[in-house]
Number of protein chains: 2
Amino acid sequence: MDTANPGNTAQQILNAAERLVQMHGFNGFSYADIAQEVGITKASLHYHFSTKAELGRSLIARYQDNFCAALAAIDAEDADAADKLRDYVRLYAKVLRDKRMCLCGMLAAEFITLPQPMKAGVKKFFDANEHWLSQTLEQGRKAKQLHFAASATDVARTLIDSLEGAMLVARSYGSAARFLATADWLLAELGVGTAAKTRRA
Amino acid sequence: MDTANPGNTAQQILNAAERLVQMHGFNGFSYADIAQEVGITKASLHYHFSTKAELGRSLIARYQDNFCAALAAIDAEDADAADKLRDYVRLYAKVLRDKRMCLCGMLAAEFITLPQPMKAGVKKFFDANEHWLSQTLEQGRKAKQLHFAASATDVARTLIDSLEGAMLVARSYGSAARFLATADWLLAELGVGTAAKTRRA
DNA sequence: GTCTATAGGTGGATAGAC
DNA sequence: GTCTATCCACCTATAGAC
């Protein structure tokens, strides 16, 4: 959790690897890249993560943990389903601001080439997103704040698919604005305004 | 164009490379993979495509040509904007049926790592999609068949982003049905029913 | 146009000293 | 925990015979 702590090498390795996967893909970086960024040799990396597959597995696990914590934080902060969805989109936008792709979106592209444990991790991430979104959507529908005809699960999947795709394409144009435009359209279709959070004052 | 023609080696190479990129990514295959599939040596590949970057460039160019031809075929067959959009979705679904990702969607994930000419080609592909969709959407709106509040360009971008993302995620689940569910939801939001084509007679 | 042979580099991974 | 040294498989690319 502490990027600046020089003692915590494993976390520094994960930080570097995470950035590299999100930027270049799992097949687009090497141990040499991480070694240079962290400032140790390739050989030393194997002490912390015996194989690249094991490093990849750890990477997804940490990403999922952090993501789920962020979702819990949203639930703690917002009572409103519409506010929650807006903050959910902000979570994606924050990743894109560093010109990164969602870790699991990137891995989804390379899915076929991944070792089995990583494949399972990627699906688990999407499943967790779907679960949280479904609940949030259902909550909003019951409160007559969100409006949609399909099942909450189907809409949740559409949101995941579309937001991941919006990140994917936005990176080719180097345009976070393009991502936000698509995100706004999607939320608008559900009845969520794009302006600042609804305040009850 | 003729997969079975044994004389047309360049096309066979492109066919193999296209499949490999769509399945594994540009950084996820090698000349050895193509050589095996086509049945010639690695060295012979360089006679047809001097470098991997040049092969990638040719790949995108052919893909774009075929795609634009498919769009022209849709325009020739359908008068109706709703029918055109349904056929557009079918174009994507057809790619996914072979468990492939859209070539340029895959390359968008690896965008940062691509040689410059390939980057330009990927953008051109998305731009062509946007142009065709914008026109089709505008046509449908004028005919009061499609309904949307945003600009045709913004909706076109949302459709591209969302369909690419739906392909991306669907591949992790090995589920074409998931792609189709998202595609149907998107079209439904524009007022396009998911049932068979509208027939006038 | 396709081959053999090979160059020159980089991939992940290991052994063993410190 | 980190290092040096090294292995071997694989990468893209080239030279030159056929």
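Letters A, B, ... mirror the listed sequences (proteins, then strands); counts begin at 1. These numbers were taken from a predicted model, which means no experiment stands behind them.
Residues in residues 44-58 of chain B take part in these salt bridge (Lys or Arg N to Asp or Glu O under 4.0 Å) pairs, two or more places apart or across chains: B:E54-B:R57. Pairs of residues two or more places apart, or lying in two chains, that qualify as ring pair (Phe, Tyr, Trp, His ring centres under 6.0 Å) and include a residue from residues 82-121 of chain B are B:Y88-B:Y92, B:Y88-B:W132. Under the salt bridge (Lys or Arg N to Asp or Glu O under 4.0 Å) criterion, the residue pairs touching residues 9-28 of chain B are B:E18-B:R62, B:E18-B:R100, B:R19-B:E37, with sequence neighbours excluded. Applying the salt bridge (Lys or Arg N to Asp or Glu O under 4.0 Å) test to pairs two or more places apart or on separate chains, none has a residue in residues 101-111 of chain A. Counting only residues at least two apart or in different chains, ring pair (Phe, Tyr, Trp, His ring centres under 6.0 Å) contacts with residues 49-69 of chain B comprise B:Y63-B:F125, B:F67-B:F125. Counting only residues at least two apart or on different chains, the salt bridge (Lys or Arg N to Asp or Glu O under 4.0 Å) pairs with a member in residues 113-133 of chain B are A:R178-B:E130, B:E130-B:R157.
Remark: A:D75 pairs with A:K84 by the salt bridge (charged side-chain N to carboxylate O under 4.0 Å, His left out) rule, at least two apart or across chains. Residues passing the ring-ring contact (aromatic ring centres under 6.0 Å, His included) test with B:Y31, sequence neighbours excluded: B:H46. Residues passing the side-chain contact (heavy atoms from CB on, under 4.5 Å) test with A:A35, sequence neighbours excluded: A:K42, A:L45.
Listed in residue order, the members of residues 50-59 of chain A having a heavy atom less than 4.0 Å from DNA chain C are A:T51, A:K52. Of the residues in residues 41-48 of chain A, those placing a heavy atom less than 4.0 Å from an atom of DNA chain C are A:K42, A:A43, A:H46, in numerical order.
Among the protein residues, B:F29 comes within range of the sugar-phosphate backbone only, with heavy atoms under 4.0 Å from sugar or phosphate atoms but none that close to a base.
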With the criterion being N/O to N/O and under 3.5 Å, what pairs connect the protein with nucleotides 16-18 of chain D, and how long is each?
none

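Of all nucleotides listed (D:dA13, C:dT2, D:dC3), D:dA13 comes nearest to the side chain of B:Y31.
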